[in-house]
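Report on the following structure.
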Amino acid sequence: MGEVISFKKAKKKKEIEDELYQRKGRIETARASIEEYWKNVKKEEEEWFNERFGERYSEDIPVIDSMPNVAKIQYLAIDMLKLIPDIFHGNSWDTQFDTWLYFYELYILEFYPVCENYVKENKEFEKPYPYNFKPMTKNKLEEDLKGCLTKLIELYPEKTDEDKTSIMYQCARLFEIEEILFDLFYKELMQ
């Protein structure tokens, strides 16, 4: 014969089961709310980006894939140059930060891999870059960033081996400037 469970124990067991069931329901509701929240955030970010910069970025992906690396560098430098006014002079800090974040993602996910491939293709023309990562004012950062991207745009197509060296130098310089800009925004975000 089975074990006899007292009414109090059975009631307590039922209360515990009900509580666990309710918790499970609350957790599932919370998960759904969080997922919905992040979907809305992503949708808002996409709408904000499309309003500011248009939808041409997503449309041009197949075009850029077929370009040689140096042409991709120029193409991406043009797009990154367009973001600079909003990074440094956007109408609010949030606009500046969001634009810089997009710039950073564009740099890390698109530009940097292309530069790495370009360096591999032209390794014999590479010269060391004197990194120093000294902090700069926003005005100096803006000036250097514009200068670097403009130079990358002007160097395409490479006419000499010296142009290839200059492109790699400017890519290294852009890495340094972007790291300094990253530190600047990170410090502002933490304040």
Side-chain angles (χ1 to χ4, degrees), residues 45-46 48-61 63-64 67-122 125-160 162-191:
E45 286 175 350
E46 288 172 358
W48 174 86
F49 179 80
N50 287 334
E51 284 174 18
R52 297 197 67 79
F53 308 112
E55 295 181 10
R56 86 174 258 264
Y57 292 92
S58 59
E59 294 170 2
D60 288 345
I61 296 300
V63 173
I64 196 169
M67 294 177 171
N69 285 322
V70 68
K72 290 178 188 178
I73 288 171
Q74 182 200 41
Y75 179 84
L76 291 167
I78 290 168
D79 285 347
M80 292 163 77
L81 190 60
K82 291 175 187 174
L83 299 173
I84 291 177
D86 282 336
I87 291 172
F88 293 97
H89 307 288
N91 58 6
S92 70
W93 188 87
D94 287 343
T95 299
Q96 292 174 13
F97 181 80
D98 289 343
T99 308
W100 165 78
L101 193 57
Y102 177 71
F103 180 93
Y104 181 74
E105 289 173 357
L106 187 62
Y107 175 79
I108 293 295
L109 299 175
E110 301 290 333
F111 190 89
Y112 188 77
V114 172
C115 279
E116 281 186 320
N117 290 336
Y118 186 78
V119 169
K120 286 176 189 171
E121 291 171 356
N122 298 287
F125 304 112
E126 185 180 23
K127 294 202 172 140
Y129 178 82
Y131 293 104
N132 60 28
F133 298 103
K134 285 184 181 177
M136 296 183 215
T137 64
K138 272 193 168 181
N139 288 341
K140 177 73 170 140
L141 271 171
E142 180 181 14
E143 181 183 312
D144 284 6
L145 191 53
K146 278 182 185 175
C148 181
L149 291 170
T150 301
K151 187 72 173 168
L152 283 167
I153 293 164
E154 292 169 353
L155 286 167
Y156 175 77
E158 323 104 300
K159 294 170 187 72
T160 66
E162 190 175 301
D163 288 349
K164 293 177 182 178
T165 301
S166 293
I167 288 171
M168 287 185 278
Y169 180 90
Q170 294 302 323
C171 286
R173 183 172 175 229
L174 183 58
F175 173 77
E176 179 180 37
I177 294 167
E178 187 6 76
E179 287 296 307
I180 295 167
L181 190 58
F182 178 92
D183 288 345
L184 183 83
F185 273 100
Y186 180 76
K187 286 175 186 169
E188 288 181 3
L189 184 63
M190 292 296 113
Q191 291 177 352

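Being a predicted model, the structure only gives us computed values, none of them experimental.
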Item checked: Any side-chain heavy-atom pair of C171 and V119 under 4.5 Å ->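 No, too far: nothing below the 4.5 Å cut-off.
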Next item on the list: Check whether any side-chain heavy atom of F133 sits under 4.5 Å from a side-chain heavy atom of F175, and report yes or no.
Entry: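 In short, these two side chains touch, coming nearer than 4.5 Å.
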Next item on the list: Quick one: list whatever passes side chain to side chain donor-acceptor pair (under 3.5 Å) with E158, sequence neighbours left out.
Entry: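 E158: side chain to side chain donor-acceptor pair (under 3.5 Å) contacts with Y118.
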Nearest heavy-atom pair of [X] and [Y]: which atoms, and what distance?
X    : Y    : result
M168 : N122 : CE-O, 3.3 Å
I177 : C148 : CD1-CB, 4.1 Å
P85  : K82  : CD-O, 3.4 Å
Y169 : P130 : CE1-CD, 4.1 Å

Item checked: Atom pair CG/CD1 of L174 and I167 - distance to nearest 0.5 Å ->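 L174 CG to I167 CD1: 13.0 Å, rounded to 0.5 Å.
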Check: Y131 and E179: side-chain donor and acceptor closer than 3.5 Å?
Finding: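 Looking only at side-chain atoms, E179 and Y131 do not form any donor-acceptor pair under 3.5 Å.
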Check: Can you name the salt bridge (Lys or Arg N to Asp or Glu O under 4.0 Å) partners of E126, sequence neighbours left out?
Finding: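 Listed in chain order: K123.
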Notebook entry, point to check: Under 30°, 30 to 60°, or over 60°: which ring-plane class applies to W93 and F185, parallel, tilted or perpendicular?
Noted result: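 Aromatic pair W93/F185 classed tilted.
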Next item on the list: Sort and list the pairs that fulfil salt bridge (Lys or Arg N to Asp or Glu O under 4.0 Å) and have at least one residue in residues 138-154, not counting sequence neighbours.
Entry: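 For residues 138-154, and leaving out neighbouring residues, the salt bridge (Lys or Arg N to Asp or Glu O under 4.0 Å) pairs sorted by first residue read K138-E188, K140-D144, E142-K146, D144-R173.
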Item checked: W100 ring center near F97 ring center (under 6.0 Å) ->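 Yes.
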Margin query: Treating E176 as the side-chain partner and N132 as the backbone partner, does any N or O pair qualify as donor plus acceptor under 3.5 Å?
Written below: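 Present.
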